[in-house]
Each structure stands twice: as C-alpha cells, then as structure tokens.
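Read through the structure below, which is laid out as structure tokens, and then see the notes.
Labels below follow one simple rule: chain letters A, B, ... track the order of the sequence lines, proteins then strands, and each chain is numbered from 1. Every value quoted in this text rests on a predicted model; they were computed, and no experiment measured them.
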Amino acid sequence: MRVKIRGEVKEIKEGERLISILSEPDIIAARVNGKLVDLSYQPQEGDVIEPITFDDDDGKQIYWHSTAHIMAQAVKELFPNAKLAIGPAIENGFYYDFEVDRPFTTEDLEKIEAKMYEIIAKDLTFERVELPRDEARRMFEEMGEKFKVELIDEISDDVVSCYKQGDFIDLCKGPHVPSTGRIKYFKLLSTSGSYWRGDETRERLQRIYGISFTSKEKLDHFLQLLKEAEACDHRKLGTQLEYYSIGEPGPGLVLWHPKGATIRRIIEEFWIKEHIKRGYQLVYTPHIAKAELWQISGHFEYYRENMITFKMGQEDYVLKPMNCPFHILIYKSKIRSYRDLPIKYAELGTVYRYERSGVLHGLLRVRGFTQDDAHIFCRPDQVETEICEIIELARYMMEKFGFREYDVTLSVRDPADKESFAGRDEDWQHAEAALENVLKKLNIPYKRMVGEAAFYGPKIDIHLRDAMGRKWQGPTIQFDFNLPERFDVTYIGADNTPHNVVMIHRAILGAMERFMGTLVEHHKGAMPFWLAPVQIVVATITDAVIPYAEEIYRRLTGLNYRVELDTSNEKISYKVRMVAEKKIPYMVIVGKKEMESRRVAVRKRGEGDLGSMEWDAFMELLRGEENPLT
RNA sequence: GCCGGUGUAGCUCAGUGGUAGAGCAACGCAUUCGUAAUGCGUGGGUCGAGGGUUCGAAUCCCUCCACCGGCUCCA
C-alpha cells in the first residue's frame, strides 16, 4: 500500500498504524489529507500524511489539550465529586473547568500536579473510543457527568468520540498525543471562577489554568517571560515613572501627572495635526445631556446599566457614555447637501461609563476616559474611500507610535439571525462588502467574525496587546444604521429629495487612557524621543561647572526640548543611574573638561556613553531623532 | 456582579496574640567627586475602614471598601 509522507511516496503494510511509521519520539500526531489524527490511525491507500510535533501550532494545541485531560484525570482521582465541564487548549496552554464542592487552593494545585506526574509516569495510552450517541449519553449519565450529557444532547452525529486513558474517560473530538508519558514538563498556573457555558446565570465552576512543554528549557523560558512581563506592567511603570495614578479619586478614574500629561499632550497634538490634514473638523461637546437625548438615541433602552445618571433640578441627566448623539446634533443644525459630504467631526471626547467593578484594569479598562472619536457622515458611494482613508490613518499613526503588530477582526452579522441586527439588508451587504474590500485591497490579514457585529452595524476592530499578551481593542471602525434612523439624519440629494446619510463611528487610538497603557507596555516605559516627557537631563560633575550647565540647559530649552537640570550634590554615577531608571533618552554630562573646551559629554539611552562632542554634533544627533510632529 | 488572592511609611516589602520595622525616597550635615547607588544623622504609620473575641489584635473572627488573577460584561 502506498501513502505519501512528508511529500515522499512510501510503501507501508496494510493495517500498520502511524505510530510505527512515524516513530520519532517528538511526533505526537499527524495531519492526514488535511485532517488531524492520532498516531493510532491506520493509513489508507493514497493518504497524504504530514507528521505533527509540538513545534506546529496544531501540535501545541494537541499537546496542551492532552495535558488538560491528564489534569482532569488527576482532579477526578483526588476529588471524586468533581464534575467535568470543558477543558480546551488556549493560546498559551490550557484550562479545565470543574464543578467542585469547594474552590481549589494553592495546596490543591500542588497535589494535582503530583498526581499528574504519577499519571505521566504510568505512560497510559490515550485510546480513542467511538460510541453510539445514546450509549455515550447513558454512560456519562451513569457517571453523573451532567455537563457531558448536556454536550452530547447538542451533538447531532450518531457516533461520538471519547478518549480514555487508564480508567478516565472524557467526551472529546481529539486528537491526542499517543500516551500520557509524552507530556514532559508542565505547570499549573492559576485558578479562577467561571460559569458553565460562560453564562452567569448557570453553574459556577472552578477553572485551573496550566501550560506544558516538551523540554524544561521551554517551560523555564515561558515562566521567565511571564515574570519579565510583570516588569512591563503599565500600572507599575506608571507609578515608577510618575506618569499617572489610577483609582485615587475613585475606581477606574485616572489622574494624569505632569509627565503623563506631557506625553498625552504630544499625542493629542499629533492627532489633531493628522486629522486636520485629512479634512476632519474638530468639535467640542458637553459632558452631560438631558436624558431625553439618550432616549432618542436608544442608549437608555440598550445601554442603561452602563450609564451614570443624575438629577439636575427636576430633570434627569446623563453623564455622556458616548459622543455620537452630540455630533449628530451638530450635523443636524442645518440642512446638508450631497455636495457637503463627507462631513467628518472629530473630538477628543471624555466619556464616563459604569463598568462593573471586577472588570476595571489599570488604564486599559476605566470608568472615565477620552475617546479619540470621530463620526463620518457620507453618501453610500463615498463609503469605500472613507474606510480606506481611516485604515490608512490608523496604520500611519500606529506605525509612528511603534506598533507594528496587531490583530484585525472584521465583525459581520449572522445572516441567519437578522432579528438581532438593526438596519436594512442592502445597507448591511453594502457596508460589509466595503469593509472587506478595503481590507483585501490593502492586503491586511484579518479574522472574519460572523455574528460579532454590533447590533447597529458591522465593524473592523484592531487589537493591541499588553505585556501579558492580553488583547485590548484600540482602533475601531463601525457602521451605524441605527442612530441616523433614530435621529433622522439626512442630506438632500441631487434629486432634491432627502436621503439617509451613512454614519461611521471611528476611533484611531481608541481611548487616550487605554492607548497610553499599551504604549507604556509596548515601550517598557522608555518613550521614543519625541514622546519622552523629559528628553534630556543635563548633569554636573562638580559645583564649579554649574554656570556652564545652566547655559546648556537654557540653550536646549530655548530650542523647545524638554530638559531637566541636575546640579545636585551627588556623584555622577548616581545621576547616571537615576537617569537610566527614569528611562530618559539623553543625558548631557558636564565637568571641567567640557566647560573648558565648551563641549558636551553625551550619554544615550540604550547605547551608553557616546563621549565628548561639539555642540553642533550633539544638535545633529537630536535632529536625527524621528519627530512626526514636525 | 461572580470565584479566589492581597491590603503595613511616598515606593518596594519584612513582621502570625505582648512597646510598629528595613531598604529606597524626603529633609539636614559632611563630601566636590568623570558615566548604573558617597557617608553620617533626622523626620515620617489610626498597620484599607468599621465592628467583634481577648487582660492585650497589624496578627484571630465578621461586615464593608479597594486592588490583583480569572469569569461575565465591553449595545
């Protein structure tokens, strides 16, 4: 019998299993004709077989998923009352959810780990068992595994697959590694609460997260990265570098200290400049409005639990959670012609939302934040051009801030579930096509998410990552078919009749707070020269050179650099250390030699001592620093 | 909001029933120094808040608040 392995035709025996053909110990599964299978698979004539190791992405998923099964077996042995929920592989590792009598403790994790080592040492085979649906249902019911029964009830196939190792069996599609001994190094990382099916009205479960690797080096490396990521945490760095503080005035409320405020101001200057260049008109709108406005917009109906409301006199008021209704009112302040479009209103608009207490997270999830918001009112024929411009603006700005990697998602509606989405079919089709066309035209990789659209329209979201690899939504482009309808937003067409305007919400940075948080983590607090709140520190070696240092300081501030002068009575090594810890890009050190020769000794962040140089050479260096503002 | 953890000086943390500690920072004095911490000294705390147990509570118990890791949410 002939099969193709790694592109080469091989002769194999009938009934032979993959495990004897692909016997290298690092091969854990295989892809046969594009489908993932266990190594117990018996190849058929003409199969195209690719071995899979841990180094494949699919291989990692299989490896982690198998580790999850081992963990579940250990938990069942230690806690026989535990009910199995689900235990998938995730981006980094795996988890398994259990319903248990009491939450897991740290000591429990140690015991579970010990039990897992026992299971691994036994090198139990992962055996695929295919059962008729009814039989499997009966079996799990007898075992009291109610969640598995619920899952089986939703499977429409006649046969379901389970995997068995030792006397542990779990409902599972597979594939798995051949035996438990293949799992070499693992670590249980944390526990947390969760809900069955992610539904907070259903059973509360306990989740254990873990990760595993094929070598100790890989595991140690991963744990090391986790530790290092903690040092990049924007909450820690923000305090250390005196950029901002969070939560002092109340949970989720941010104080921008002078240094953080400087960074923000520069970001805003850049933002304003780029927007004006592209035909946006800047507006300002109030922080509060009568409840009536939010009733018209529908926010009162759909967004109520997130809105902060209060009474002013007899009237109900709302602290604005969004800027859109205000921009619409500006648009509607007069009749608009098709010739006026597109109209693009932009605002750094501060909004307040009541976010549930458990979701707040540093600067990345707050209750008061400033969106770099804009609303584009245009004709249907202008949609594609506008989307294209927005994406290019987003890419341009991301690039200037040093973000080169991000994840793009296109969220469209579920065509089978039109009930959940407002607006006309043709509008949706047109908008979704426009978003998708632009992504394709600009050659941007994206993930299409069916059913993930907002109820009012499809959207493109760009996600940035924090130091721990968590994704946070930054730029977003959203169509809105709902608000123009509710507010009756129109323009007069060439045919002299009113037409519905197309409205696009968009944010490039997302929110100043969140953007600042990701920016700090991305640069590990070391802001690029143009953003650094302090760009240069001038430091003296002895008191005798203070006048010369002051002269340097004045010259630099006169050139609009942000400079600090350090004439303190400390050794130069101490001053160097302080400047390095504050992650300041340049340090100018002046001593007697510099004063006498009228030169400067320059130290650059990341490069160290550049030695003594002429003033002009230093100027040349500074001018060589990128500055998108000029 | 839910599950678990944590909360001591401006910051980082030690202190598990018997008089609140260290390092850094701040302040003072000495030192005037050449590229990642000069030395000595001084001040600084209702131990997150409230209640309880106890002769006595930072420490044990209860409630609340905040933060951390997740879950859920983020129209």
Side-chain angles (χ1 to χ4, degrees), chain A residues 90 95 97 100 102-106 108-109 189-209 226 230 233 235-236 239-242 245-248 250-252 297-307 321-322 324 353-362 364-367 420-422 453-457 459 461 468 470 472-473 476 478 480 482-483 505 510-511 514 539-546 567-582 587-594 601-604 608-612:
Chain A
I90 52 177
Y95 68 80
D97 281 345
V100 278
R102 60 161 180 86
F104 295 115
T105 63
T106 321
D108 291 337
L109 287 194
L189 298 169
S190 62
T191 61
S192 81
S194 64
Y195 302 102
W196 172 235
R197 314 226 112 169
D199 182 343
E200 60 186 344
T201 64
R202 301 216 44 188
E203 290 89 338
R204 267 186 277 282
L205 309 173
Q206 290 297 316
R207 176 171 300 181
I208 303 176
Y209 286 92
L226 274 189
E230 271 172 47
D233 191 310
R235 291 165 296 192
K236 207 180 168 113
T239 312
Q240 200 179 306
L241 301 171
E242 302 177 318
S245 57
I246 306 155
E248 279 304 312
S297 71
H299 286 95
F300 234 87
E301 199 178 332
Y302 296 104
Y303 203 64
R304 182 136 208 186
E305 72 264 25
N306 284 294
M307 297 202 304
M322 295 179 186
C324 6
R353 297 181 185 173
Y354 179 75
E355 301 285 358
R356 295 214 267 173
S357 62
V359 307
L360 300 173
H361 185 98
L364 303 181
R365 187 82 179 265
V366 288
R367 286 190 174 145
S420 305
F421 301 95
F455 92 85
Y456 50 75
K459 57 178 182 170
D461 293 320
M468 299 299 283
R470 290 173 291 220
W472 298 89
Q473 186 190 298
T476 180
Q478 314 185 345
D480 193 327
N482 182 51
L483 286 180
H505 306 262
R514 179 175 288 179
T540 52
I541 290 173
T542 70
D543 289 354
V545 301
I546 289 178
T567 58
S568 66
N569 183 6
E570 289 290 351
K571 291 172 97 158
I572 197 62
S573 54
Y574 179 85
K575 298 186 187 184
V576 166
R577 185 185 165 88
M578 287 306 134
V579 166
E581 277 185 356
K582 289 183 196 153
M587 184 168 184
V588 172
I589 294 171
V590 294
K592 285 191 184 119
K593 274 188 272 176
E594 283 71 28
V602 178
R603 201 184 159 87
K604 188 172 178 182
D609 190 359
L610 302 184
S612 158

For [N] and [M], measure between their [atom1] atoms and round to the nearest Å.
N: B:G15; M: B:C47; atom1: C1'; result: 10 Å
N: B:C67; M: B:C61; atom1: P; result: 24 Å
N: B:U12; M: B:A25; atom1: P; result: 15 Å
N: B:G45; M: B:G52; atom1: C1'; result: 24 Å

Nearest of [options] to any side-chain atom of [X]?
X: A:R356; options: B:G70, B:A75, B:C73; answer: B:C73
X: A:M322; options: B:U72, B:C67, B:A75; answer: B:A75
X: A:R470; options: B:G70, B:C11, B:C73; answer: B:G70
X: A:Q206; options: B:A75, B:C71, B:C3; answer: B:C3

Pairing nucleotide - [N], Watson-Crick or G-U, each distance under 3.5 Å:
N: B:G28; value: B:C40
N: B:C74; value: none
N: B:G23; value: B:C11
N: B:G17; value: none
N: B:U54; value: none
N: B:C64; value: B:G48
N: B:U59; value: none
N: B:G69; value: B:C3

N/O (side chain, [X]) to phosphate O (OP1/OP2, [N]) under 4.0 Å:
X: A:S357; N: B:G1; value: yes
X: A:R353; N: B:C74; value: no
X: A:R207; N: B:G69; value: no
X: A:H361; N: B:G69; value: yes

Pairwise distance [atom1]([X]) to [atom2]([Y]) - rounded to 0.5 angstrom:
X: A:E355; Y: A:N306; atom1: CD; atom2: CG; value: 5.5 Å
X: A:S192; Y: A:Y95; atom1: OG; atom2: OH; value: 9.5 Å
X: A:N482; Y: A:F455; atom1: CG; atom2: CZ; value: 4.0 Å

Check the distance between [N]'s [atom2] and [X]'s [atom1] and give it to me in whole angstrom.
X: A:R202; N: B:U72; atom1: CZ; atom2: C1'; value: 15 Å
X: A:Y209; N: B:G4; atom1: OH; atom2: P; value: 16 Å
X: A:Y195; N: B:G70; atom1: OH; atom2: P; value: 15 Å
X: A:L241; N: B:C11; atom1: CG; atom2: P; value: 15 Å
X: A:W196; N: B:C71; atom1: CH2; atom2: P; value: 16 Å

Between A:L483 and A:Y456, is the side chain to side chain contact (heavy atoms under 4.5 Å, CB included) condition met? List the steps. CA-CA 8 Å; A:L483 286 180; A:Y456 50 75; over 6 Å; no

Do A:Y354 and A:E305 pass the side chain to side chain contact (heavy atoms under 4.5 Å, CB included) test, and can you show the C-alpha distance, the side-chain angles, and the key distance before you say yes or no? CA-CA 7 Å; A:Y354 179 75; A:E305 72 264 25; over 6 Å; no

Looking at every strand, decide which applies to A:G198 at a 4.0 Å heavy-atom threshold: base, sugar-phosphate, or nothing.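 The residue A:G198 makes sugar-phosphate contact but no base contact.
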
In plain terms, say whether A:D233 and A:R235 are close enough for a salt bridge, that is, a side-chain N and a carboxylate O under 4.0 Å apart.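 Salt bridge present between A:D233 and A:R235.
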
Among all residues two or more places apart in sequence or in another chain, which pass the salt bridge (charged side-chain N to carboxylate O under 4.0 Å, His left out) test with A:E570?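 Result, salt bridge (charged side-chain N to carboxylate O under 4.0 Å, His left out) vs A:E570: none returned.
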
Could you tell me whether the side chain of A:R365 has a donor or acceptor atom within less than 3.5 Å of a complementary atom in the base of B:C73?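 Such a pair exists between side chain and base.
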
Could you run down nucleotides 33-42 of chain B 5' to 3' and tag each one B, S or - for protein heavy-atom contact under 4.0 Å? BBBBBB----

Identify, between A:Y303 and A:T239, the residue whose nearest nucleotide on RNA chain B lies closer to the 5' end.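 The 5'-side residue here is A:T239.
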
